[in-house]
Amino acid sequence: MAVTAVRYRLSVPPVSGVVRPRLLAVCVVLGILAFFLFCLGMTVGDYPLGVGQVLAALVSRGDYYDQVVVYDWRMPRALTGLLVGVAFGMSGALFQTITRNPLASPDIIGISAGSTVAVVGGIVLGFGAGLGTQTLGLAGGVLSALAIYLLAWKRGTTGYRIILVGIGVSWMCTSATGYLLARAKLHEAQQVVGWMVGNLTNVTWSHAAPLVISLAVLVPMAVVLSGWLRTLQLGDEVAVGLGTPVQLARLVLLLVAVGLVAFGTAAAGPVAFVALTAPQIARRLAGVPAPPLVASACAGAVIVLGSDLVARSFPLPVGVVTGVLGAPFLLWLLARANRAGSGG
């Protein structure tokens with residue numbers, strides 16, 4: 001019989017826990033695949049490089065010009081793609097666990113739509129001239145999440161209400177975005193449309209650096225708070241019985257998830273379906289009942305980096321590729337939910 005979990009206990013320091021060999025193996029394999037795609041992405045361009053040359057440049061060896069090409073020209077795009085995938089994958093796992101619904105993701109419940117309407121409004125109405133898409137996207141995502149949480153509050157919140165309210169907020173933001181685009185000037189519309197579908201083409205270090213700093217804070221926070229996730233998976237009543245402050249836990253985890261998706265959206269735009277598909281792929285590969293955080297982050301990185309390689313071949317924005325791949329996955333999830341009797 002296959003070993004599904006190994007328990008351990010340490011006397012110094014007094015720590016105990018469970019290690020799942022299959023989950024650990026999935027994390028390692030996905031992590032290695034993400035790093036390979038990260039390096040492979042930096043080989044593509046007018047100045048051809050091999051993977052070996054990229055690896056040499058990463059450790060400051062090899063030709064000086066190779067290092068310039070890797071660090072100054074190609075790493076911002078590759079690193080942003082990697083971190084955007086991590087952010088979206090982990091945020092999707094948080095949303096789906098908080099709501100206990102595999103269809104819950106920032107794309108569907110309004111967080112990405114809030115970031116989009118803020119960026120479009122800033123450009124079309126002129127109030128975002130000194131702020132930039134990153135600040136506007138972050139502010140829009142946070143404000144839409146706050147609106148969803150407040151509107152879903154009724155002596156506390158539930159995952160079901162968050163999803164329903166989030167869908168309504170998403171459509172409101174989408175309608176507002178359409179209105180703003182209809183009244184935008186041609187050059188303003190052109191400036192916005194490429195970002196709206198998710199694009200890594202013109203990413204620079206100014207996009208990558210804030211993402212690195214934010215994820216250095218948010219990712220460890222999500223991992224540390226994962227204990228609350230495990231009890232929330234059991235339902236509110238059981239979680240309260242186990243001593244979990246359910247409403248506080250849901251609010252803090254929601255804020256972490258919103259921060260992840262808002263910073264990711266601010267850097268590359270609302271790359272479609274990554275937050276929806278990555279946690280479900282990771283869950284099925286690992287064979288666990290709920291989306292695992294680290295594996296979801298690695299799966300998200302693989303999806304974004306792999307889609308970006310495909311996008312360069314046509315060329316297309318990376319969000320178009322993830323949308324083409326993610327839409328059938330969403331239909332499959334809906335069909336599966338209906339067969340299981342949970343499709344509404």
Side-chain angles (χ1 to χ4, degrees), residues 84 87-92 94-96 98-99 101-125 127-128 131-152 157 159-184 188-189 191-199 254-279 300 304 317-320 322-324 326-327 329-330 333-334:
V84 164
F88 284 179
M90 187 168 283
S91 69
L94 289 169
F95 276 113
Q96 290 175 17
I98 292 170
T99 61
N101 191 316
L103 299 176
S105 79
D107 316 82
I108 293 174
I109 66 172
I111 310 301
S112 298
S115 295
T116 301
V117 74
V119 171
V120 175
I123 293 174
V124 174
L125 301 179
F127 61 81
L131 298 176
T133 58
Q134 290 188 307
T135 305
L136 290 170
L138 178 62
V142 171
L143 289 175
S144 64
L146 182 61
I148 292 167
Y149 192 82
L150 292 176
L151 291 171
T157 60
Y160 181 73
R161 285 205 299 270
I162 288 174
I163 292 174
L164 287 181
V165 172
I167 292 172
V169 170
S170 178
W171 279 107
M172 290 174 61
C173 292
T174 301
S175 299
T177 300
Y179 169 75
L180 290 168
L181 285 175
R183 62 170 291 180
E188 292 172 340
Q191 182 181 354
V192 168
V193 168
W195 180 89
M196 282 180 57
V197 295
N199 204 333
L254 184 65
L255 289 175
V256 173
V258 168
L260 286 167
V261 73
F263 276 105
T265 302
V271 184
F273 290 115
V274 177
L276 175 71
T277 58
V304 174
V318 64
V320 173
T322 59
V324 169
F329 189 84
L330 173 60
L333 280 179
L334 288 170

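These numbers come from a predicted model, not from an experiment. Positions are given from 1, in the same order as the sequence printed here.
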>> Any non-hydrogen side-chain atom of Phe263 less than 4.5 Å from a side-chain atom of Val84?
In response: no
>> I'd like to check Ile111 versus Phe95 (side-chain heavy atoms, cut-off strictly below 4.5 Å). Are they in contact?
In response: yes
For [X] and [Y], work out which heavy atoms get closest and say how close.
X	Y	result
Val318	Val304	CG2-O, 3.8 Å
Thr277	Gly326	CG2-CA, 4.2 Å
Ala275	Pro106	CB-CD, 3.4 Å
Gly110	Ser144	O-OG, 3.5 Å
Ser115	Gly137	OG-O, 2.8 Å
Gln96	Ala104	CG-O, 2.9 Å

Kindly compute the distance separating [atom1] ([X]) from [atom2] ([Y]), expressed to the nearest 0.5 Å.
X	Y	atom1	atom2	result
Leu180	Ile123	CG	CD1	10.5 Å
Thr265	Asp107	OG1	CG	8.0 Å
Ile162	Ile167	CD1	CD1	12.0 Å
Leu255	Leu94	CG	CG	11.0 Å

>> So does Gly166 get a backbone contact from the side chain of Ser170, meaning a donor-acceptor N/O pair under 3.5 Å?
In response: no
> Within a reach of under 6.0 Å around CZ of Phe329, are more than 12 heavy atoms found that belong to other residues, nucleotides or ligands?
Replying inline: yes
>> Among residues at least two apart in sequence or on other chains, which ones pass side chain to side chain donor-acceptor pair (under 3.5 Å) with Asn199?
In response: Thr201
> Pick one: which of Thr322, Val261, Leu260, Leu276 meets side chain to side chain contact (heavy atoms under 4.5 Å, CB included) with Phe88?
Replying inline: Val261
